[in-house]
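Quick note on labels: first sequence line is chain A, next is B, and so on, each numbered from 1. Computed from a predicted structure; not experimentally measured.
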Protein chains: 2
Amino acid sequence: MIKTVEWTDDGVVMIDQRLLPAEELYPLLKTYEEVARAIEDMVVRGAPAIGVSAAMGIALGVKNSSASSVEELDSDFERICQRMSKTRPTAVNLFWSVERMRWAFKSARREGASSDDIKKRLIDEAQAIHREDIESNRRMGRFGAALIPDQATVLTHCNAGALATAGFGTALGVIRAAVEAGKRVEVFADETRPFLQGARLTAWELAKDHIPVTLITDGMAGHFLKSGRVDCVIVGADRIAANGDVANKIGTYMVAVAAHENNIPFYVAAPLTTIDLKLNSGDEIPIESRSAAEVTHFRGNPVAPPDVGAANPAFDVTPHRYVSAIITDRGVAREPYDTSLRALFESKDEG
Amino acid sequence: MIKTVEWTDDGVVMIDQRLLPAEELYPLLKTYEEVARAIEDMVVRGAPAIGVSAAMGIALGVKNSSASSVEELDSDFERICQRMSKTRPTAVNLFWSVERMRWAFKSARREGASSDDIKKRLIDEAQAIHREDIESNRRMGRFGAALIPDQATVLTHCNAGALATAGFGTALGVIRAAVEAGKRVEVFADETRPFLQGARLTAWELAKDHIPVTLITDGMAGHFLKSGRVDCVIVGADRIAANGDVANKIGTYMVAVAAHENNIPFYVAAPLTTIDLKLNSGDEIPIESRSAAEVTHFRGNPVAPPDVGAANPAFDVTPHRYVSAIITDRGVAREPYDTSLRALFESKDEG
């Protein structure tokens, strides 16, 4: 199993996703600032993996704190949480994770825990978030696998696999679960410019698992959707609004529209932690804008003429009308998402 | 003005489009086989530019022939035409150009021309094709410019500029003509994977002409079409069927669908030589499949894991229902294309 991010006694270890597939390196991050920068620089990416990494970064920062009182520790904790919250704006799992760590901190304080106890409880909480993410992916996989026909060709965009989570995957978790259930599945992977998560990460993961994968450029997806070669699309998500609008890696919207136009199911796989019921629609989701150099350069080498500007929105929003179903760790939601997504949260509260 | 391909007494000179924008090199091709390989390897690309290059390659091959009789020259000529026809299957301008050279050869023979006369007439014919292509682009530009609003933001895919033609451009020719008419136009250029014609060629051409250009990855086009930032789309074409279905660079179909979904005009600019009335629909257009290495590697360096396969269809077909208008060198055609395209050919015969 691929280990995306792990807690160790010495710090947080994560696979450097910028170097894959050429190199498989696992840097040890010894400070929360190093973890924050790793999230910003996309050493780690993928909404659930960002959430897990942020929690570990917070636990690490608090562990390293030299605060001499619980009050001082609280103030260090808040500073660390704020730093972590500023790393990337779109994936809501980050904020969910920070809130959960805050809740753990506050309940420890409320119970009069010592600084050492608080530190230990935050480490436990981060590890619980890590463990629960894998369990959540497994449940999602079981729910989603039922939607994948035997001998299916599935198209995916970006990487919503083990590398985007604590270790099994959302969209790729559904594919893995279908394969584990004995179905033959092959995958078309969009290369996903500019960061090439599809070419570098999805292809790498699937090849490791011996799941047949064909790499295509992003512009080819429509051609294969139109030609009847694809049975369904599955992608992950970075934030889902209450009405079912889905923010995901830039390029997802065009895939969804082309799938819709060709009557091919378009599925989104994401845990409830990716759903933001506070937002009524996708219009309210903040879209991160990244450096133009990620578009104009390729591994440091320019591909465009100097002085040519580039836009680099990292995500787009797919309106819910293009989404055939949202596969979560609590079950599968369909239109009307306004009610079906809320119902999943209520079932969780009951559960 | 950018010189894509030129006839000289020493051979055919063309700018090596694979090296742009990093290097601006103009190799001299001394044999028809070198010209054929330059077309196959995409030293030159773009439907009209391929047509012009093929004509020059044929003229060059015939000029170099050591045939000792007109009959022998005829047999050399046929071999050269067949070699040239096998370079790339999709762009119909190639076949149109070969046919036109064949017609010139036959009429020269019919008139009892000597080998030297035939050689001269084929050179003249290739140069006429070159000259007429530029004139055709200029006319197309005038027809198309009327469709571009002042202060428009135009999205384009691939390169349908001076580099795709003998020197002015089809889609970019329309943009240039609008700018020459005093309109302020800015351009979003899709980078156009895998060959990056947008990043390397379109951005380079527009920057040279001081037309503001913003580079985006192919997957971003939908985001900007949906967000109201784009007033219209203009692309070129490699072959257009009688019903208005358009084969163009892979990725065009997704742009057309996203434009349609957002009620943004989607225009195709192409000379009549790109329209193939022999084909009833786009289903009959042969789509070239190129090497997987163009997708899995970037300038010789692998981006995907070894042993991962890739698909590489070089073109896709946009059904005519997504095409708002086809801008030709004889006027603007709209639905129903079955009749409007034929009418343009008839007006040409009269003209």
Contact check, side chains of B:His223 and A:Tyr253, non-hydrogen atoms, under 4.5 Å: no

Side-chain heavy atoms of B:Phe298 within contact of A:Val303, under 4.5 Å: yes

Close side-chain approach of A:Leu215 to B:Thr296, heavy-atom, < 4.5 Å: yes

Structural part of A:Pro302 lying under 4.5 Å from a heavy atom of chain B: backbone

A:Ala221 versus chain B, the contacting section by heavy-atom distance below 4.5 Å: both

Under 4.5 Å from a heavy atom of chain B, the part of A:Asn262 involved: side chain

Heavy-atom side-chain contact between A:Asp316 and B:Lys226 under 4.5 Å: no

Region of A:Phe224 that comes under 4.5 Å of a non-hydrogen atom in chain B: side chain

Contact check, side chains of B:Ile216 and A:Val295, non-hydrogen atoms, under 4.5 Å: no

Chain A contact via B:Asp190 - which portion, at a heavy-atom distance below 4.5 Å: neither

Heavy-atom side-chain proximity of B:Val257 to A:His260 below 4.5 angstrom: no

Contacting region of B:Ile250 [heavy-atom separation from chain A under 4.5 Å]: both

Contacting region of B:Ala207 [heavy-atom separation from chain A under 4.5 Å]: side chain

